[in-house]
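Here the structure is laid out as structure tokens; the discussion comes afterwards.
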Amino acid sequence: MRVVELAGIGPGPFAAMLLADLGADVVRVDRPGGPVLGVDPEYDLTNRNKRSVVVDLKAPGGARRVLALAARADLLIEGNRPGVAERLGVGPAACHARNPRLVYGRMTGWGQDGPLAHRAGHDIGYVALTGALGLTGAPGTPPAAPANLLGDYAGGALYLVVGLLAALHHARATGTGQVVDAAVVDGTAHLATMIHGMLAAGAWQDRRGANLLDGGAPFYGTYETADGGHMAVGALEPRFYAEFTRLLGLTGAEADRDDPARWSALRESVAARFRTRTRDAWTAVFAESDACVAPVLSLREAPHHPHLAARGTFTGHGGLTQPAPAPRFSATPTAVRTGPARPGADTAAVARDWGLPGLLDGGFPDDGPSGDGPPEIGLPVDGPPGDARPRPDGPDPRAPAAPDTSARTARTAPAAPRTAPARPDSAGRPPQRKATP
């Protein structure tokens with residue numbers, strides 16, 4: 001699988017890294033002048049397992065180079081504001097004219113349409129509007145910023161990858177590509193589906209620190225230890241809670257959790273107990289139990305935890321400790337094959353492997369001073385037997401029609417759930433699904 005990644009920041013590079021970790025041949029198209037955020041490319045781990053070429057999309061011939069790559073790719077990822085890729089001459093219509101099978105992934109915060117689509121933004125603002133940021137932090141304090149893990153990576157990059165792979169499956173079955181509009185606001189809102197169900201059922205209060213899973217329950221949260229460390233407690237089920245209170249040293253009425261009116265007093269008792277020992281001491285107490293208690297580790301501590309070390313959750317490559325690729329496969333194991341791609345370092349190899357000598361010698365037609373001219377179909381694009389992509393003498397008559405991709409991706413209507421949530425029967429038994437042949 002070949003992937004073209006137009007250099008950006010945040011969820012786009014992470015999505016491309018995930019695909020590269022899974023074995024895709026990812027070519028990152030870097031801009032002249034170095035990285036956007038000033039991070040030394042040697043340490044930008046989201047560029048591992050990739051290769052890099054440098055293309056100035058605003059210079060004559062720049063768009064042609066990217067279109068030539070897109071003509072030979074399965075997927076393309078870009079993260080500009082709506083309309084920017086089109087103005088640069090590498091939007092969906094131009095790419096699909098070269099390669100009707102291409103899956104064109106657009107990764108943004110606000111999405112391709114809507115009142116905020118053209119506004120600047122970052123992770124924290126996107127998750128703020130979805131209600132997800134309002135779930136974090138203690139009551140009476142500002143919501144906590146969860147780095148950019150919740151929006152950029154969980155609500156953005158992972159949804160982009162799911163969408164790309166689903167669309168690729170469709171393209172391989174039908175010969176027709178499409179545009180995937182992945183928005184951080186959409187994905188992050190989708191992550192909260194269960195909580196919205198609980199809210200509708202009256203099982204969740206629409207305020208922080210008052211619920212089972214947001215720190216409101218004294219048996220699901222974090223506590224400070226004698227040395228300033230912290231322990232995480234998730235003793236939800238009664239038998240796990242019984243084990244937790246036994247090892248913590250709470251007994252009788254002091255450990256009763258059935259009355260939410262007593263939760264404040266119970267939290268104070270739990271906190272007082274945790275303050276009597278260090279984090280490492282409590283870790284030892286709970287180590288061989290099912291109390292669902294764990295130490296809160298720092299980023300530098302995590303790779304040395306015995307469980308993570310045994311599984312190889314972290315790995316080393318080029319002197320850098322980093323998370324290993326995930327998930328794991330029984331037949332096709334993954335690995336960190338190469339370190340972070342250096343901008344432009346792989347141009348010769350990509351030109352050879354992708355059959356595009358023009359990447360080296362500039363042998364692509366000029367697309368005008370701004371690089372935004374109309375696409376030309378006549379570039380040499382040689383594919384495998386039966387390949388439906390355009391040939392030097394024009395579009396292959398066997399190729400399916402290019403998808404209708406206007407300058408802005410159309411969303412005629414949001415996808416509706418196909419069925420309502422399944423309900424138990426009158427006896428309280430869970431619903432039974434009918435077998436399908």
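We're numbering straight along the sequence, starting at 1.
- Remark: L6 CG to L88 CG distance equals 9.0 Å, nearest 0.5 Å.
- Note that CG of L359 and CG of L356 are 5.0 Å apart. Values are rounded to the nearest 0.5 Å.
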Inset, instruction - Before giving the answer on side chain to side chain contact (heavy atoms under 4.5 Å, CB included), spell out for L102 and H96 the whole-Å C-alpha distance, their side-chain angles and the decisive distance to 0.1 Å. - result: CA-CA 6 Å; L102 180 72; H96 281 137; 4.0 Å; yes
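- Other residues, nucleotides and ligands place more than 12 heavy atoms under 6.0 Å from the CZ atom of R328.
- The closest donor-acceptor contact from the side chain of R106 to the backbone of V179 lies at 3.5 Å or more, if one exists at all.
- Residue Y220 holds its OH atom at 8.0 Å from CG of L212, rounded to the nearest 0.5 Å.
- Between the N211 side chain and the R207 main chain, a donor and an acceptor come within less than 3.5 Å of each other.
- Note that CD of E78 and OG1 of T108 are 8.5 Å apart. Values are rounded to the nearest 0.5 Å.
- Residues that satisfy the side-chain contact (heavy atoms from CB on, under 4.5 Å) test with H196, not counting sequence neighbours, are A192.
- Taking the charged nitrogens against the carboxylate oxygens, R279 and E301 do have a contact shorter than 4.0 Å, which makes a salt bridge.
- Minimum interatomic distance between A226 and T278 (heavy atoms only, all atoms of both residues): CB-N, 4.0 Å.
- Under the 30°/60° scheme for interplanar angles, the aromatic rings of H305 and H307 are found to stand perpendicular.
- With a 4.5 Å cut-off on side-chain heavy atoms, L247 and V293 do not count as touching.
- Between L69 and W354, the closest heavy-atom pair is O-CZ3, 3.4 Å.
- Remark: R98 CZ to R72 CZ distance equals 11.5 Å, nearest 0.5 Å.
- The main-chain N or O of L248 is found under 3.5 Å from a side-chain atom of R273 such that the two form a donor-acceptor pair.
- Panel note: side chain D123, backbone G151; a donor-acceptor pair is recorded below 3.5 Å.
- With sequence neighbours left out, the ring-ring contact (aromatic ring centres under 6.0 Å, His included) criterion links Y126 to W110.
- At least one side-chain heavy atom of P218 sits under 4.5 Å from a side-chain heavy atom of Y223.
- By the 4.5 Å heavy-atom criterion applied to side chains, P238 and R257 are counted as neighbours.
- Looking at T136, its side chain does come within 3.5 Å of a backbone N or O of A144 through a donor-acceptor pair.
- Using a 4.5 Å cut-off on side-chain heavy atoms (C-beta onward), T315 and Q322 make contact.
- Heavy atoms from other residues, nucleotides or ligands lying under 6.0 Å from CG of D206 number 12 at most.
- Nearest heavy atom pair, residue V336 against residue N49, reads C-OD1, 3.6 Å.
- Closest non-hydrogen pair, L45 versus L320, comes out as CD2-CD1, 3.7 Å.
- Atom CZ in R239 sits 12.5 Å away from atom CG in L236 (nearest 0.5 Å).
- Ring planes of F274 and W282: perpendicular class, angle over 60° (limits at 30 and 60°).
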Inset, instruction - Carefully, step by step, assess R87 and V84 under the rule side chain to side chain contact (heavy atoms under 4.5 Å, CB included). - result: CA-CA 5 Å; R87 291 196 296 273; V84 171; 3.3 Å; yes
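- Of all heavy-atom pairs spanning P146 and L133, the tightest one is CD-CD1, 3.8 Å.
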Inset, instruction - Start with the C-alpha gap between S52 and D30, add the side-chain angles, then the distance that decides, and say whether side-chain hydrogen bond (donor to acceptor under 3.5 Å, both in side chains) holds. - result: CA-CA 7 Å; S52 169; D30 280 300; 2.6 Å; yes
Inset, instruction - Decide yes or no on side chain to side chain contact (heavy atoms under 4.5 Å, CB included) for R51 and D353, but give the supporting numbers first. - result: CA-CA 11 Å; R51 299 192 285 181; D353 297 344; 2.6 Å; yes
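- Between the side chain of T332 and the backbone N or O of F329, no donor-acceptor pair lies under 3.5 Å.
- Between Y159 and D186, the closest side-chain pair of non-hydrogen atoms is not below 4.5 Å.
- When only modelled atom types and interatomic distance are considered, D214 and W204 share no side-chain donor-acceptor pair under 3.5 Å.
- With hydrogens and angles disregarded, a donor-acceptor distance shorter than 3.5 Å links the side chain of D74 to the backbone of R2.
- For the pair V161 and L19, the minimum side-chain heavy-atom distance is below 4.5 Å.
- Nearest heavy atom pair, residue R300 against residue H304, reads O-CD2, 3.3 Å.
- The main-chain N or O of V185 is never found under 3.5 Å from a side-chain atom of T188 such that the two would form a donor-acceptor pair.
- Contact of the I77 side chain with the L164 side chain is registered, since non-hydrogen atoms from C-beta on lie closer than 4.5 Å.
- No side-chain heavy atom of H317 sits under 4.5 Å from any side-chain heavy atom of R48.
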Inset, instruction - May I have the step-by-step check of side chain to side chain contact (heavy atoms under 4.5 Å, CB included) for L158 and L18, ending in yes or no? - result: CA-CA 9 Å; L158 296 184; L18 179 52; 3.8 Å; yes
